[in-house]
Amino acid sequence: MKISIISGSHRNPSQSEKVARYIENTIRRRKPEIDTWLFALADNPLPLWDQSVWENDDAWTQRLAPLKQELASSDGFVIVSPEWHGQAPAGLKNFFLLFSRFELGHKPALIVTVSNGDGGAYPVAELRMSSYKNNRICYIPEQVIVRHVEKVLNDNAADNIPDADAYFRERIDWALDLLQGYAVALKTMRETTQIHHDRFGNGM
Ligand SMILES: Cc1cc2nc3c(=O)[nH]c(=O)nc-3n(C[C@H](O)[C@H](O)[C@H](O)COP(=O)(O)O)c2cc1C
């Protein structure tokens, strides 16, 4: 099994990437049998989508090929999004323009959102509403909203609020267990179901 983690912040460094790396390390420590791949949108490694993406442009093909390979070989995803002005960052929405049902389709994903205050609900709602239609990524019902992120999940225990830090570590463990269960179940579903249909390439 392979779980890929997407860190949606353009900032470098960012709290979202801190959380994404914590999640990757947690999977490696608790479930060494699971392969991981972390892709950070720090410093915007992907240009904005343009028409040539759909015209077999060489530069785009070469840029996307290794990423498509990593995503297509994944069984599940963790999508980490900061809340920026009440939204998911543009780079993360661009990610969902560039990758399709052939990489993401009918695979489970855990949404993890990040706020340095009491925010974090808006990108959950946005991702659930408008990032899955054509690529058919399957967001699981559980989600994690890491509020006051600067005070939790830090390597240095002195930087953490102990109760909040323990709560998020336990909650992330449980959410990852659920993601693994969905990944097992949906792999069987993909293997036993015709998941692509020539006439229904896009969702309604
Ligand atoms: C452009 C921008 C807009 C932001 N807007 C919000 C917001 O609407 N709600 C919120 O809770 N935090 C907001 N924040 C603060 C983030 O919660 C904070 O930067 C946190 O560390 C997550 O972002 P990061 O992963 O880029 O570090 C914003 C940050 C930036 C850079």
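Just so it is clear, the structure is predicted and the values come from calculations on it, not from any experiment.
- Considering only heavy atoms from C-beta on, H106 stays 4.5 Å or farther from L186 through its side chain.
- Without hydrogens or angle criteria, N134 side chain to G203 main chain gives a donor-acceptor distance under 3.5 Å.
- Within 6.0 Å of atom CG in N156, more than 12 heavy atoms from other residues, nucleotides or ligands are found, so the atom counts as buried in its surroundings.
- Hydrophobic clustering, with ILVMFWY side chains joined whenever heavy atoms are under 4.5 angstrom apart, groups I137 together with L92.
- The minimum heavy-atom distance linking R28 with T36 is given by the pair NE-OG1, 3.2 Å.
- Note: the hydrophobic cluster containing L71 also contains Y132 (ILVMFWY, side chain heavy atoms under 4.5 Å, direct or indirect links).
- Closest approach of A42 to N12, counting heavy atoms only: CB-CB, 3.9 Å.
- Between the NZ atom of K31 and the OG1 atom of T26 there is a distance of 10.5 Å, given to the nearest 0.5 Å.
- Side-chain atoms of R63 do not come within 3.5 Å of backbone N or O of L46 as any donor-acceptor pair.
- The distance from the CD1 atom of I6 to the CZ atom of F99 is 8.0 Å, given to the nearest 0.5 Å.
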Apply side chain to side chain donor-acceptor pair (under 3.5 Å) to S4 and S74, showing your working. CA-CA 6 Å; S4 289; S74 300; 2.7 Å; yes

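- Side chains of R11 and W84 form a contact here, defined as non-hydrogen atoms less than 4.5 Å apart.
- Between the side chain of K68 and the backbone N or O of T61, no donor-acceptor pair lies under 3.5 Å.
- In this structure, S81 OG and L41 CG are separated by 9.5 Å, a value rounded to the nearest 0.5 Å.
- Put simply, the side chain of D75 gets close to the backbone of K2: a donor and an acceptor are under 3.5 Å apart.
- Under a hydrophobic-cluster definition in which Ile, Leu, Val, Met, Phe, Trp and Tyr are linked whenever side-chain heavy atoms come within less than 4.5 Å, directly or via other members, V184 and M189 are assigned to different clusters.
- E55 CD: more than 12 foreign heavy atoms inside a 6.0 Å radius.
- Between W49 and W54, the ring planes lie perpendicular to each other; the angle is over 60°, past the 30° to 60° tilted range.
- Y22 places none of its side-chain heavy atoms less than 4.5 Å from the side chain of V146.
- Proximity of Y167 to V152: side-chain heavy atoms (C-beta onward) are nowhere separated by under 4.5 Å.
- Rounded to the nearest 0.5 Å, atoms CE (M1) and CD1 (I27) are 10.5 Å apart.
- Side-chain N or O atoms of N160 include one that pairs as donor or acceptor with a backbone N or O of N154 at under 3.5 Å.
- To the nearest 0.5 Å, the span separating CG on L127 from OH on Y139 amounts to 4.5 Å.
- In terms of heavy-atom proximity, I145 sits nearest to F168 at O-CE2, 3.1 Å.
- Between P82 and P123, the shortest heavy-atom distance links the atoms O-CG, 3.9 Å.
- Of the listed residues (I23, V144, I34, V112), just one forms a side-chain contact (heavy atoms from CB on, under 4.5 Å) with L176, and that residue is I23.
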Between V80 and E17, does a side chain to side chain contact (heavy atoms under 4.5 Å, CB included) hold up when you go through it step by step? CA-CA 8 Å; V80 182; E17 191 166 337; over 6 Å; no

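- Surrounding NZ of K151 are at most 12 heavy atoms belonging to other residues, nucleotides or ligands under 6.0 Å away.
- Taking the six-membered ring where the residue is Trp, W37 and F39 present parallel rings, their angle staying beneath 30° rather than reaching 60°.
- Proximity of Q143 to T113: side-chain heavy atoms (C-beta onward) are nowhere separated by under 4.5 Å.
- Heavy atoms from other residues, nucleotides or ligands lying under 6.0 Å from NZ of K93 number more than 12.
- Contact annotation: the side chain of Y122 never approaches that of S115 to less than 4.5 Å [non-hydrogen atoms, C-beta and beyond].
- A continuous path of hydrophobic side-chain contacts links L97 to F95 [ILVMFWY only; heavy atoms under 4.5 Å].
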Checking side chain to side chain contact (heavy atoms under 4.5 Å, CB included) for the pair R136/H196: CA distance, chi angles, key distance, verdict? CA-CA 10 Å; R136 275 82 164 208; H196 298 296; over 6 Å; no

Using salt bridge (Lys or Arg N to Asp or Glu O under 4.0 Å), reason through E150 and K18 one step at a time and then give a plain yes or no. CA-CA 10 Å; E150 289 173 21; K18 177 191 83 176; over 6 Å; no

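- Side chains of I172 and L153 form a contact here, defined as non-hydrogen atoms less than 4.5 Å apart.
- Of the possible donor and acceptor atoms, one in the side chain of E126 sits under 3.5 Å from a partner among the backbone N and O of A88.
- Connection of V149 to V78 is established within a shared hydrophobic cluster, with ILVMFWY side chains joined at heavy-atom distances below 4.5 Å, either directly or through further cluster members.
- Under a 3.5 Å cut-off, the side chain of T193 and the backbone N or O of R190 do not form any donor-acceptor pair.
- In this structure, the side chain of H10 does not engage the main chain of P89 through any donor-acceptor pair within 3.5 Å.
- Checked by atom type and distance alone, the side chain of Q180 never pairs as donor or acceptor with a backbone atom of D177 at under 3.5 Å.
- For NE2 of H197, the number of neighbouring non-hydrogen atoms (other residues, nucleotides, ligands) closer than 6.0 Å is greater than 12.
- Note that CG of L110 and CD1 of I79 are 9.0 Å apart. Values are rounded to the nearest 0.5 Å.
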Checking salt bridge (Lys or Arg N to Asp or Glu O under 4.0 Å) for the pair D173/R169: CA distance, chi angles, key distance, verdict? CA-CA 6 Å; D173 285 355; R169 287 174 195 253; over 6 Å; no

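- Judged by distance alone, with hydrogens and angles left aside, the side-chain atoms of R147 form a donor-acceptor pair with the main-chain N or O of G119 at under 3.5 Å.
- Ion pairing between D155 and R21 fails under the 4.0 Å rule for side-chain N and carboxylate O.
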